[in-house]
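Following: one structure in structure tokens, then a few remarks.
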Amino acid sequence: MGVVNVTPDSFSDGGRWLDADAAVARGQELVAQGAELVDVGGESTRPGSTRPTEQEELDRVLPVVSALAQRGYAVSVDTMRAGVAEAAVEAGAALVNDVSGGLGDARMGPMIAATGARYVVMHWRGLLTDATATHHYDDVVAEVCSELSARVDALLHQGVATEQLVLDPGFGFSKDADHNWSLLAGLDRVVALGLPVLVGTSRKRFLGRLSSRPGVAPPGAELTPPEQRDAATAATSLLAAQAGAWAVRVHEVPPTRDALAVWQLTQGAGR
């Protein structure tokens, strides 16, 4: 899954693809590089971001979703709003990628049930701008699995079919670096829940401070800029694939494609 942020303020590439023509061209480039799904988002979820109005979000994403879908590409829309999701599905999006897992808009579940679109349910404890969004876990993997299962049950009661659902453990959302590393190490337990799993680690903060001991930075180390985290992203993509993930969401496709190709060729040679 290749990312197209049609936003002025995303943490990694805010503003680069705000123009609709530039965003469509970027989507085409991602597909040419090997993306099988283009994820179009019109709202940044980075800490400190300001939410656009629903109309602003619609104005950003719909021309891009429509243009890419008309070219025959598989498109998803990254939104927490049912109105935006519904309009994007009508414009050709095949999947709704909701970082709130349906908790951000009570209308989302019934709308997904009515449209039949695929739906990504992310583990969420509130917006990153919400001071009450808790980072405390006694066992992060167990609690993420439990809370995702509860969201799945709620969505099924709203009429969503099991085959529509994809899980996302929510790397970086209400989780510190140690939580993220533990979640990556225990990703097979999320996969064992029995639904497809989407992993979105790309360029996230915990990849910006690496050392020989995960989660602990060398003395005086500073975060590397997001655009310098693609090698680390590719490594996490490979680990996700090995754990059985359905898809990985990345800003730059070639490094992850190369990492996966190395693994696949090695497996083939071993057989």
**Item:** Test log, rule side chain to side chain contact (heavy atoms under 4.5 Å, CB included), inputs D105 and M80
**Value:** CA-CA 7 Å; D105 187 337; M80 293 181 280; 5.9 Å; no
**Prompt:** Mind checking whether L239 and L260 sit in one hydrophobic cluster, side chains of I, L, V, M, F, W, Y counted as touching below 4.5 Å?
**Reply:** no
Find the distance between [atom1] ([X]) and [atom2] ([Y]) and round it off to the nearest 0.5 Å.
| X | Y | atom1 | atom2 | answer |
| --- | --- | --- | --- | --- |
| D59 | Q55 | CG | CD | 4.5 Å |
| L156 | L165 | CG | CG | 6.0 Å |
| S44 | D78 | OG | CG | 10.0 Å |

**Asked** Below 4.0 angstrom, N of the basic side chain to O of the carboxylate: do R81 and E57 qualify?
**Response** yes
**Message:** Can you tell whether the side chains of R26 and E252 come within less than 4.0 Å, N to carboxylate O?
**Reply:** yes
**Item:** side-chain contact (heavy atoms from CB on, under 4.5 Å) partners for Q70, two or more places apart
**Value:** S66
For [X], check salt bridge (charged side-chain N to carboxylate O under 4.0 Å, His left out) against everything at least two apart and list the hits.
| X | value |
| --- | --- |
| D39 | R249 |
| E36 | R257 |
| E147 | R125 |

**Item:** Stepwise side chain to side chain donor-acceptor pair (under 3.5 Å) check, S202 with H251
**Value:** CA-CA 6 Å; S202 184; H251 294 84; 2.7 Å; yes
**Request:** Indicate whether the side chain of S100 and that of D98 have a donor and an acceptor atom separated by less than 3.5 Å.
**Result:** yes
Side-chain donor-acceptor pairs under 3.5 Å in residues 261-268, sequence neighbours left out?
from: T266; atom 1: OG1; to: V262; atom 2: O; distance (Å): 2.7

**Asked** Is there side-chain contact between L195 and V197, with heavy atoms separated by less than 4.5 Å?
**Response** no
**Request:** Return the minimal non-hydrogen interatomic distance between R107 and P110, and the atom names on each side.
**Result:** O-CD, 3.4 Å
**Message:** Which Ile, Leu, Val, Met, Phe, Trp or Tyr residues join M1 in one cluster when any pair of side-chain heavy atoms under 4.5 Å counts as a link?
**Reply:** L37, L95, V120, V166, L198, W246
**Request:** Would you please classify the geometry between the W181 ring and the F206 ring as parallel, tilted or perpendicular, with 30° and 60° separating the classes?
**Result:** perpendicular
